[in-house]
Amino acid sequence: PHESKNGSFDCNSWQGNWSMRTEDNIQIEGIMAFIDRDNIDTDQIIPTEYLKSIKKFGYEDYLFDGWRYLDEGKLGVSKTSRKLNNEFILNQPIFMTSKILLARDNFGCGSSREHAVWALRDFGIQVIIASSFGDIFYNNCFKNSLLPINLSRSVIDRLFQLSAQD
């Protein structure tokens, strides 16, 4: 097991369930998806064309729009009407219900849109693990029941090494 100041986790198997326990003793279990990139900004998490809605829910179909789809999307068009990029991890059957997302440095950098957190939350992501976060994104996570966990680069590297083994 590895521990951080925000919680701890154990892995039974890489493509199996991960178990997260917060300091408040809340346990989150689920599949962990991984995006092996630094500097995933809020424009990549949810493009600006989807920010016209004033609703706080319903953004799951627009999460990582430029990576998840092969066609161009529009506000109000659901993923069932879009051409999926089957190579993208969140479109692969085992990861479609992921609750935990692993990334690298500076996740959520860029503009200060809260929509990025809403899109992750609406998709079902409950925990994001990275070695650093954009400051505003990090604070927006707590306001919207998304747990950002900051782990050292060496631990993040080890988690990605484990993912490469499967």
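Rounding to the nearest 0.5 Å places CD of Glu114 at 10.5 Å from CG of Asn139. One distance of note links CZ of Phe160 with CD1 of Ile35; it measures 8.5 Å at 0.5 Å rounding. Taken to the nearest 0.5 Å, the CZ atom of Arg158 stands 12.5 Å off from the OG atom of Ser152. To the nearest 0.5 Å, atoms NZ (Lys83) and CG (Asp71) are separated by 8.0 Å. Note that CG of Leu75 and CD of Glu49 are 9.0 Å apart. Values are rounded to the nearest 0.5 Å. Separation of atoms OG (Ser131) and CG (Leu151) is listed at 8.5 Å; rounding is to 0.5 Å.
Side-chain N/O atoms of Trp67 and Asn85 include no donor and acceptor closer than 3.5 Å.
Of all heavy-atom pairs spanning Ile46 and Ala119, the tightest one is CD1-CB, 4.1 Å. Nearest heavy atom pair, residue Ser98 against residue Ala33, reads OG-CB, 3.4 Å. Closest of all the heavy-atom pairs between Glu29 and Lys99 is O-CD, 3.2 Å. The nearest pair of heavy atoms linking Ser112 to Asn140 is O-ND2, 3.9 Å.
Using a 4.5 Å heavy-atom threshold, the side chains of Arg121 and Phe57 count as touching. Considering only heavy atoms from C-beta on, Asp122 stays 4.5 Å or farther from Leu63 through its side chain. Taking 4.5 Å as the limit, every side-chain heavy atom of Asp61 sits out of range of all side-chain heavy atoms of Arg82.
Screening Leu120, Leu146, Val127 for a side chain to side chain contact (heavy atoms under 4.5 Å, CB included) involving Leu101 leaves a single residue, Leu120. Exactly one of Cys141, Pro148, Cys109 qualifies for a side chain to side chain contact (heavy atoms under 4.5 Å, CB included) with Phe133. That residue is Pro148.
Tracing side-chain contacts under 4.5 Å through hydrophobic residues (I, L, V, M, F, W, Y), one reaches Ile100 starting from Leu159; they form part of the same cluster. Ile45 and Phe142 fall within the same hydrophobic cluster, where Ile, Leu, Val, Met, Phe, Trp and Tyr residues are linked whenever their side-chain heavy atoms come under 4.5 Å apart, directly or through other members. Cluster annotation: Ile40 is connected to Phe88 through the hydrophobic network of ILVMFWY side chains, with a link wherever side-chain heavy atoms come within less than 4.5 Å. Residues Tyr50 and Val117 fall into different hydrophobic clusters, defined by Ile, Leu, Val, Met, Phe, Trp and Tyr side chains chained together at heavy-atom separations under 4.5 Å. Both Leu102 and Leu90 are part of a single hydrophobic cluster, where members link through side-chain heavy atoms under 4.5 Å apart.
When atom types are taken as modelled, the side chain of Tyr62 and the backbone of Gly58 share no donor-acceptor pair closer than 3.5 angstrom. Side-chain N or O atoms of Gln44 include none that pairs as donor or acceptor with a backbone N or O of Phe64 at under 3.5 Å. With hydrogens and angles ignored, the 3.5 Å screen pairs no side-chain donor or acceptor of Thr42 with any backbone N or O of Ala116. The backbone N or O of Trp118 lies less than 3.5 Å from no partner atom in the side chain of Asn144, so there is not a single donor-acceptor pair. When atom types are taken as modelled, the side chain of Asn91 and the backbone of Glu87 share no donor-acceptor pair closer than 3.5 angstrom.
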Task: Check against ring pair (Phe, Tyr, Trp, His ring centres under 6.0 Å), Phe137 and Phe107 - done: CA-CA 8 Å; Phe137 176 88; Phe107 188 89; 5.4 Å; yes

- [ ] Please assess Gln126 against Leu147 for the test side-chain contact (heavy atoms from CB on, under 4.5 Å), listing each intermediate value before the final yes or no.
- [x] CA-CA 6 Å; Gln126 296 177 14; Leu147 179 63; over 6 Å; no

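In this structure, Gln92 places its CD atom where more than 12 heavy-atom neighbours from other residues, nucleotides or ligands lie under 6.0 Å away.
Ionic pairing of Arg113 and Asp43 is present here: one or more N-O contacts between side-chain nitrogen and carboxylate oxygen are shorter than 4.0 angstrom. Here Arg104 does not pair with Asp38 in a salt bridge; the nearest charged N to carboxylate O distance is not below 4.0 Å.
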